[in-house]
Amino acid sequence: MKAASFAYAKPGSLAEALALLKRPGAKVLAGGQSLIPSLNMRLSAPELLVDITGLSELKTLSLNGNSLKIGALVTHSQIEKSPEVRKHVSLLAQAVPHIAHAAIRNRGTLGGSLALADPLAEYPACAVALDAVFTIKNSKEERKVKATSFFKGLFETDLKEGELLTAVEFPTGGKSVFLELTRRHGDYAIIGLAVHESRFVFFGAGPTPVVIKAGSLAEAQAALAKVEPPADLYNTSKTKKHLAGVLLERAWTTLSKPH
Ligand SMILES: Cc1cc2nc3c(=O)[nH]c(=O)nc-3n(C[C@H](O)[C@H](O)[C@H](O)COP(=O)(O)OP(=O)(O)OC[C@H]3O[C@@H](n4cnc5c(N)ncnc54)[C@H](O)[C@@H]3O)c2cc1C
């Protein structure tokens with residue numbers, strides 16, 4: 001199948017992009033790794049694609065005090081290769097090799113993945129575990145939203161019409177563990193777990209990242225017992241719950257080891 005026809009614009013500045021996004025039926029195009037297949041399958045038919053890949057101000061990575069600010073257009077590969085991410089935001093560094101394959105990581109962006117809010121994606125769970133802060137802009141103003149309030153439902157976020165996610169601030173330091181189970185490396189997760197300090201966040205366990213805060217393994221296991229992960233094509237909810245428990249125990253063991 002081919003995409004329905006649409007208009008295309010590639011703005012040269014953020015102000016121009018935000019002005020274009022005010023138009024009815026406008027949609028952001030970033031790495032295109034999820035949007036282009038969905039256009040081709042006619043799951044989406046925007047009137048105007050606003051290609052933001054020319055906006056250099058969304059491609060920066062900067063260390064400010066206790067946080068690492070990553071622009072929305074920074075690709076998965078750039079995150080994977082970044083010494084700053086490896087040194088300061090270990091959870092992202094651990095998670096990114098699990099995202100798809102190299103060709104997709106070369107094009108897919110941080111902002112695209114977070115805006116899409118796929119329940120099986122790695123970054124949303126990491127952002128929630130890290131209590132990251134998102135910068136969102138429209139043509140008039142800028143607002144900040146915590147990751148914990150950004151993910152609203154299945155593929156649904158706090159982003160409103162005309163808005164663009166421009167950057168994400170991740171706190172630096174702290175102890176993190178990332179674990180994921182897949183059928184083959186690079187596949188979307190069956191179930192996954194992103195942990196930062198005492199915040200355990202499962203993905204693949206619900207429509208949005210599922211947070212469990214617990215002071216002991218027994219408390220965490222009791223909280224997990226109340227979670228009902230959705231079945232997928234190959235795994236029942238019961239299997240996924242069992243696997244979530246396995247990841248929880250593994251993460252707890254890793255976190256309990258001295259630095
Ligand atoms: C075969 C395959 C396997 C994959 N496996 C995984 C995987 O294992 N884990 C995983 O997490 N992902 C996976 N992906 C998805 C991949 O990571 C995508 O890159 C990502 O989900 C979307 O990023 P993008 O930059 O390509 O966004 P696009 O496809 O360009 O856009 C996705 C959506 O986000 C919106 N959007 C994009 N940027 C912004 C922004 N800055 N502000 C507001 N809205 C925006 C778009 O309008 C669109 O609705 C896979 C994709 C493929 C094709």
Side-chain angles (χ1 to χ4, degrees), residues 3 6 8-11 14 17-18 20-23 25-41 43-60 70-80 92 94-128 134-139 142-143 145 150-151 154-168 178 180-192 194 203-204 209 232:
F6 52 81
Y8 171 87
K10 188 167 181 184
L14 184 55
L18 294 171
L20 284 163
L21 285 173
K22 283 202 298 193
R23 296 196 192 166
K27 199 162 179 65
V28 177
L29 172 67
Q33 298 304 293
S34 300
L35 183 56
I36 298 295
S38 87
L39 297 185
N40 288 341
M41 287 186 276
L43 297 171
S44 173
E47 283 169 36
L48 168 67
L49 279 194
V50 181
D51 180 348
I52 60 169
T53 55
L55 306 181
S56 52
E57 57 266 65
L58 305 190
K59 296 181 182 172
T60 56
I70 307 184
L73 280 179
V74 173
T75 64
H76 309 331
S77 293
Q78 286 166 331
I79 289 180
E80 192 173 10
L92 281 187
Q94 292 177 57
V96 74
H98 294 273
I99 302 178
H101 307 282
I104 291 156
R105 292 199 293 272
N106 283 341
R107 291 228 166 225
T109 64
L110 174 71
S113 173
L114 293 169
L116 185 68
D118 189 311
L120 299 176
E122 288 78 2
Y123 287 152
C126 291
V128 171
F134 294 16
T135 304
I136 295 171
K137 288 187 182 173
N138 66 16
S139 59
E142 172 183 307
R143 65 189 179 101
V145 176
F150 182 79
F151 301 101
L154 192 64
F155 294 100
E156 194 194 332
T157 70
D158 190 48
L159 282 167
K160 317 251 180 335
E161 265 182 39
E163 286 188 329
L164 188 67
L165 171 62
T166 57
V168 184
F178 184 90
E180 169 174 330
L181 293 170
T182 52
R183 292 178 75 223
R184 295 164 304 195
H185 185 82
D187 279 5
Y188 272 106
I190 298 167
I191 195 94
F203 57 103
D232 61 30

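For ligands, and for the atoms within them, numbers begin at 1 and follow the listed sequence. Quantities reported herein were computed from a predicted structural model and do not represent experimental measurements.
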Discussion item. Between Arg105 (side chain only) and Ile99 (backbone N and O only), is there a donor and an acceptor less than 3.5 Å apart?
Written reply: yes
Worksheet item: Any idea how His98 and Phe178 line up, ring-wise: parallel (<30°), tilted (30 to 60°), or perpendicular (>60°)?
Response: tilted
Practice prompt. Report yes or no: does Ser113 contribute a side-chain atom to a donor-acceptor pair with the main-chain N or O of Leu110 at less than 3.5 Å?
Written response: no
Item to complete: Examine distances only and state if a side-chain atom of Lys59 and a backbone atom of Thr75 form a donor-acceptor pair shorter than 3.5 Å.
Response: no
Worksheet entry | Every residue of the protein that comes under 4.0 Å of ligand 1, judged on heavy atoms | Lys27, Val28, Leu29, Ala30, Gly31, Gly32, Gln33, Ser34, Leu35, Ile52, Ala72, His76, His98, Ile99, Ala100, Ile104, Gly108, Thr109, Gly111, Gly112, Ser113, Ala115, Leu116, Ala121, Glu122, Leu159, Leu164, Leu165, Gly186, Asp187, Tyr188
Side-chain atoms of residues 159-166: list all donor-acceptor pairs with protein atoms under 3.5 Å, sequence neighbours left out, distances to 0.1 Å.
residue: Lys160; atom: NZ; partner: Asp158; partner atom: O; Å: 3.1
residue: Lys160; atom: NZ; partner: Asp158; partner atom: OD1; Å: 3.2
residue: Glu163; atom: OE1; partner: Arg143; partner atom: NH2; Å: 2.8
residue: Glu163; atom: OE1; partner: Lys160; partner atom: N; Å: 2.8
residue: Glu163; atom: OE2; partner: Arg143; partner atom: NE; Å: 2.9
residue: Glu163; atom: OE2; partner: Arg143; partner atom: NH2; Å: 3.4
residue: Thr166; atom: OG1; partner: Thr135; partner atom: O; Å: 3.3

Worksheet item: Under the side chain to side chain contact (heavy atoms under 4.5 Å, CB included) criterion, do Ile36 and Leu29 qualify, and how do the steps go?
Response: CA-CA 8 Å; Ile36 298 295; Leu29 172 67; 4.0 Å; yes
